[in-house]
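Before any comments, here is the structure.
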Amino acid sequence: MKTKSLPHDSARGHVTGESVFLDDRPLQRGELHVGLVFSPVAHGKILSVDTSAALALSGVAGVFTAADLHHNLWGTIIQDQPLLADKTVNFWGEAIAIVAAENRATLAAAKKLVKVEIEALPAILSIDEARAQEAFIAVERTILKGDPDTALAQSPHRLDGVFENKGQDHFYLESHISIVYPLENDQLEVHASSQHPTEVQHLVSEALGLRQSQVTCIVKRMGGGFGGKESQAATFSAYAALVAHKLKRPARLALSKDEDMQTTGKRHPFKDWYSVGFDTEGRIQALDVKLFADGGAYADLSTSILERAMLHSDNAYHLPNARIVGRICRTHNTPHTAFRGFGGPQGVAMIENVLEEIAIYLGKDALDVRRINCYQGEEQTTPYGQVVVNNTLPALFDRLSETANYAQRRTEIQAFNASSQTHLRGLALTAVKFGISFTSRFLNQGNALVNIHRDGTIQVSTGATEMGQGVNTKLQQLVAEAFAIPYQNVTLLPTATDKNHNTSPTAASSGSDINGAAVVLACAQLQQRLKACLLAHWAQPVRGALEELSITGQEDTSQILFQDGYLVHKDNPEQRMAFAEAVNLAFFNRISLSGYGHFKTPIPGYDRDAGKGHPFLYYTNGVAACEVLIDRLTGELKILRSDVLMDLGRPINEGIDRGQVTGAFVQGLGWVTTENLVYSDTGALLSHSPTTYKIPNIQDTPREFHLELLENEEPSNVRGSKAVGEPPLLLGFAAWAAVKNALSSTHAHYNPPLRLPATAEVILSCLK
Amino acid sequence: MRDYILFYLNGKRYEVRGEQAFMSLADFLRYERGLTGTKIVCAEGDCGACSVLRGEVLPEQDELRYSTINACITFVHLMDGTHVVTVEGLQDEQALSPIQQAMVENYGAQCGFCTPGFVCAMTDLVNHNAYQNPKGQTHLDEKQIRNGLTGNLCRCTGYTPIIEAGKAVNLAQFTPLQKRYNSPEMMAELRRHRSVPIRIQAGNKDFYAPLSYAEAVTFKQAQNAQIFASATDLGVQINKERSNPTVICSLNLVPEAHALSESGGVISVGARVTLNELEHFMRGHIPEFARLLKIFASPQIKNKGTLVGNVANASPIADTLPFLFVADAEVELTGPNGKRRVNINRFYTGYKQLDMRPEELISRILIPIPDPADSLRLFKVSNRKDLDISTFTAGFRLRLENDLISQIAIAYGGVAATVLRLPKTEAFLQGKPFNLETFQAAGAIARSEISPISDVRASAAYRLKLAENILLKLYHALAPSPAEAVGV
């Protein structure tokens with residue numbers, strides 16, 4: 001065990017089974033089981049909803065429809081989605097009615113008794129259909145740099161193509177769930193599995209016609225989130241809250257895995273049309289690309305997700321001239337939503353594929369093409385005008401190609417492919433440059449509450465939610481380090497909107513950055529007070545009942561340090577006081593032991609109308625090499641070896657960061673290989689459980705896996721660290737590129753029409 | 001006759017009567033006993049979050065034998081005569097077990113939802129290799145860990161930290177479950193109950209566990225009962241509301257049903273013999289079949305699922321069937337008038353249609369061991385190599401004489417409503433020289449004999465292509481001097 005890495009603060013409870021997830025909470029007296037009636041068609045007109053038979057069933061406490069809601073429209077960015085479908089249904093699985101019953105068996109029976117009559121209408125189920133019918137959400141967006149038309153015309157070589165990726169299900173193990181307890185005076189205590197408790201609070205109050213101050217949302221932990229519980233979790237709390245509020249009984253709504261997969265949004269499918277001009281070395285002169293996202297039936301977070309896809313269409317590569325156009329298609333699929341990477345993976349996949357195709361066209365090694373295009377120095381600008389500084393990309397490329405033994409393995413693979421009749425091998429090395437910050441500037445703020453108790457232990461609460469990523473452990477560490485006390489003396493509290501309000505979702509990899517910085521500010525207030533109090537005490541202890549130490553908050557306290565559980569005078573180590581003693585000194589002199597920090601990320605932001613700005617505080621960079629083996633007769637794929645090298649700044653907790661890298665990377669591997677969302681012709685998801693939807697299992701991870709972190713202090717971020725949650729997922733694309741490389745090796749300049757995910761069937765169809 | 005299920009839970013004796021006996025084990029643990037460490041995610045035995053350890057009585061052993069199973073697709077009545085250990089029963093007093101400690105120190109848990117299942121599966125692995133079947137190791141190796149944890153999905157860690165945790169466990173520091181829990185009283189009590197039949201009636205539900213096949217047949221005939229071997233598939237059907245059998249007959253207490261033996265070149269497999277037992281047994285008798293069983297399913301499923309269940313389920317993609325077809329296995333049916341045997345090649349008459357009368361049950365599968373002169377090759381193609389339902393399966397048995405194919409049997413799965421033999425392809429190959437051209441030519445004939453459909457797993461076109469290509473794979477697998485070793 002690495003000494004500088006604390007274990008996850010919930011690890012002990014997780015391994016003993018003591019950790020409490022929402023459905024582990026005991027049923028309260030009178031608690032109702034809540035379920036939903038979903039649309040069985042992708043698009044249709046609701047003719048009638050008959051709840052009488054369900055209501056007549058013994059043990060049914062209530063059935064609710066759109067008319068029971070105070071306000072039946074929601075949407076994080078654009079309010080365009082009914083909570084309960086009223087006149088029309090616009091995707092398969094859209095909620096139409098809420099059923100509340102005394103037990104689970106009755107609930108299951110009652111749901112079948114709600115009779116919904118729907119007249120099916122023609123449905124738009126693909127990007128192509130939506131484009132043909134000009135069905136879009138929001139406006140077209142453009143990022144323009146230089147003069148791409150002239151540069152394309154003048155480029156020695158030009159390629160035009162289409163790249164297509166499918167979606168991905170989050171497959172968090174804990175499906176959507178919410179429990180709501182009604183309190184007095186129409187107040188509600190909402191326990192949610194949500195990355196965004198503030199949005200839960202706001203949606204519940206709005207849907208029910210309550211004041212925001214009447215609703216408290218509490219999130220202890222999630223059994224995985226990955227973006228799937230950023231916006232869409234709020235709706236399930238609203239459904240349970242309606243039952244709890246109307247019937248004045250505790251209400252629990254827990255989706256089954258099948259329901260969760262069938263009815264909630266996925267990573268966005270994209271289809272991109274591109275033209276790229278380049279010189280004989282493969283150096284890109286101009287990129288002209290149109291990105292089309294399948295947004296599903298309603299806006300959800302699609303506008304922001306498309307924006308991030310556009311902002312990542314350069315990835316790690318300098319584009320001297322670029323036109324990046326983005327559009328969201330309105331279809332009758334589930335409203336697609338945030339998923340780790342948030343559009344970034346789609347933009348990156350597009351450009352990485354372009355580089356692979358340039359290499360195939362020129363007959364060059366794709367690594368050489370990538371290396372020549374990657375951002376150099378500290379002065380090059382992105383298509384949206386941000387200068388790429390603290391640029392570790394060239395160093396990352398060079399180090400990994402050496403440690404992964406790229407050149408030698410390339411030679412071996414060529415020899416293998418020339419001789420084998422049954423198998424093919426492929427190798428690719430791809431990169432990620434991921435912009436850290438929400439692209440909507442107002443979200444880049446956070447607050448933290450740090451309370452010191454009389455025994456010297458500390459409770460901390462922030463807007464960050466814990467979904468396994470270890471944000472609580474990092475915050476615990478920051479506080480323990482600030483006061484030089486044992487980490488066991490610092491406890492992270494459940495996230496709750498009565499302690500931290502107006503918070504941002506735990507998303508965009510920024511949970512530790514924003515909330516960590518707020519915690520540091522809160523600690524600084526307390527440090528200042530404790531030190532000033534101690535200085536005053538050392539200068540002149542109180543004499544008698546009528547005296548009291550007082551502080552101004554402006555004192556120079558730099559001569560006092562927090563060391564090994566003590567406050568110590570730096571010039572005179574003999575002069576010191578134990579932390580808990582100093583706490584009591586402050587208490588008896590009526591000095592506040594509560595710190596509240598508010599942090600805003602110092603960035604100018606992004607002007608989306610102009611397609612210009614400085615949206616990101618910094619970039620998290622990395623590279624990965626993947627080698628794959630393909631069975632030429634069945635298309636089956638094995639990942640033989642992966643090497644990952646990342647620049648994560650100076651990690652707060654290296655053990656946790658390494659776990660984020662391995663987890664995100666394998667999730668990326670899943671997206672590009674085995675995770676295949678299959679829909680019926682009428683828009684129902686067929687692969688809605690692990691029997692048919694294959695996330696990587698323990699045998700699918702690379703046989704050989706190397707992970708190295710490049711230490712590179714990030715001056716702009718909390719304690720020199722960098723965000724880690726999303727970026728490594730984008731490195732999973734190396735496996736897809738390696739498959740394309742293997743397939744292309746059979747004939748000179750063969751550009752296989754490989755789609756994403758590269759399932760065995762898709763791979764076999766590309767073998768020439 | 002008794003009217004209760006007897007089992008031990010984390011060392012404590014339980015008698016369960018009435019409705020509770022019909023609950024899924026996971027529901028019973030979570031909602032009746034408050035043991036919420038056991039999680040329910042997929043409710044179909046595919047994710048392992050509900051993994052618990054089950055100790056079983058073995059003949060003439062004074063300790064139980066433990067293995068992991070999925071609590072979501074088993075039932076309380078199927079736990080009769082066992083000791084169930086959940087994640088809550090794994091700590092050494094207040095201290096974490098070495099497995100739990102290693103998971104903490106190596107960041108094996110992130111969100112924590114899959115963690116109890118992983119801890120149980122890893123405990124099984126350690127208990128097995130440190131105690132039940134020790135090989136003198138001090139630590140597990142990576143291959144053992146991967147194979148032992150195939151039935152558990154994690155979405156957070158990418159598995160690397162869990163593998164590291166597994167490698168860090170010092171086997172010598174582990175207290176075997178037998179040493180911790182198996183008292184003489186527990187053993188005597190469990191053994192005593194195995195000879196007492198059970199009948200539990202509650203509401204419209206009726207459960208019967210007789211001591212003989214004959215009694216089971218009588219009950220099935222009288223009550224139109226659903227036979228439960230281990231219910232790995234039925235459990236899924238019930239959870240997903242596709243089936244709801246109310247009258248159940250369990251073969252658990254039938255001694256014959258647990259018999260697995262070889263005699264005169266024929267292997268006899270009783271109705272309750274698990275796939276795990278079968279895999280171990282087959283290693284010494286039909287290694288190629290053992291190899292297929294290795295990737296058949298997760299440890300949790302193989303510790304419970306049976307060959308007879310796979311045959312009775314009649315799925316056209318049942319992994320064992322192509323083998324049974326080319327091996328000319330026989331299905332033994334027991335009915336009111338005694339036993340009869342049907343060659344498995346004639347057992348399936350249509351999609352999920354069997355040559356079996358309502359009052360009959362499958363008592364045994366009889367498998368002739370292939371002649372040593374025959375080559376047996378079994379293939380399974382799936383979207384994910386392990387723990388996945390097949391897209392396509394194939395079984396081949398062939399004999400070469402003087403570089404000519406003198407005998408060949410071919411069976412394909414996933415290409416029609418039932419597993420099929422390919423008589424035209426077999427006839428074409430008969431007597432042909434063993435070379436690549438022969439198998440290339442056979443492909444076109446194989447295509448013509450099948451009628452695959454497109455479904456969630458693959459298109460018909462892909463299955464048709466596999467039907468051809470698998471013949472080339474067969475050739476490459478048997479080619480006298482393989483052009484290369486795949487060797488990766």
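Each chain gets a letter, A, B and so on, in the order the sequences are listed, and its residues count up from 1. Small disclaimer: the values here were computed from a predicted structure and weren't measured.
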What residues form a ring-ring contact (aromatic ring centres under 6.0 Å, His included) with B/F392, not counting sequence neighbours? B/Y412
Quick check on A/L764 against chain B: is it the side chain, the backbone, both or neither that has a heavy atom closer than 4.5 Å? side chain
Within-4.5 Å side-chain heavy-atom neighbours: B/L29 and B/L9: yes
Ring of A/F171, cation from A/K257 - is the NZ or CZ under 6.0 Å from the centre and inside 45° of the axis? yes
Which portion of A/L669 sits near chain B, non-hydrogen atoms under 4.5 angstrom: neither
Run the salt bridge (Lys or Arg N to Asp or Glu O under 4.0 Å) test against A/E18 and tell me which residues pass, sequence neighbours left out. none
So is B/K39 actually on top of A/F21's ring, under 6.0 Å and inside 45° of the axis? no
Measure A/E675 against the heavy atoms of chain B and call it side chain, backbone, both or neither at under 4.5 Å. side chain
Using the side chain to side chain contact (heavy atoms under 4.5 Å, CB included) rule, pick out the option among B/D233, B/I238, B/I301 that qualifies with B/I73. B/I301
For A/Y679, which atoms come within 4.5 Å of any heavy atom of chain B: side chain, backbone, both, or neither? neither
Where is the tightest heavy-atom contact between B/P98 and B/V169, given as atom of each residue plus distance? O-CG2, 4.0 Å
Greatest number of heavy atom pairs closer than 4.5 Å to chain A - which of B/V104, B/T86, B/L436: B/V104
Name the residue from B/V381, B/T393, B/L471 that meets the side chain to side chain contact (heavy atoms under 4.5 Å, CB included) definition with B/L466. B/V381
Under the criterion side chain to side chain donor-acceptor pair (under 3.5 Å), which of A/R221, A/Q195, A/K220, A/H8 is the partner of A/E466? A/H8
Check whether A/S10 gets within reach of chain B through its side chain, its backbone, both or neither, counting any heavy atom under 4.5 Å. neither
Quick check on A/D260 against chain B: is it the side chain, the backbone, both or neither that has a heavy atom closer than 4.5 Å? neither
When only pairs under 4.5 Å are counted, which of B/K240, B/K465, B/E142, B/E164 shares the most heavy-atom pairs with chain A? B/K240
Would you mind telling me which of B/A43, B/G37, B/A461, B/G158 has the largest number of heavy-atom pairs within less than 4.5 Å of chain A? B/G158
Report the residues that fulfil side-chain hydrogen bond (donor to acceptor under 3.5 Å, both in side chains) with B/N469, sequence neighbours left out, ordered by chain and then residue number. none
Residue, of B/Q100, B/R457, B/R146, that accumulates the most heavy atom pairs under 4.5 Å with chain A: B/R146
Under 4.5 Å to a heavy atom of chain B? For A/N676 that would be neither
Taking only heavy atoms into account, what residues of residues 110-119 of chain B are found under 4.5 Å from chain A? B/Q110, B/C111, B/G112, B/F113, B/C114, B/T115, B/P116, B/V119
A/P26 portion near chain B, given a 4.5 angstrom heavy-atom threshold: neither
Bottom line for A/S175: the part with an atom under 4.5 Å from chain B's heavy atoms is neither
Below 30° counts as parallel, above 60° as perpendicular, anything between as tilted: where do the rings of A/Y172 and A/H170 land? parallel
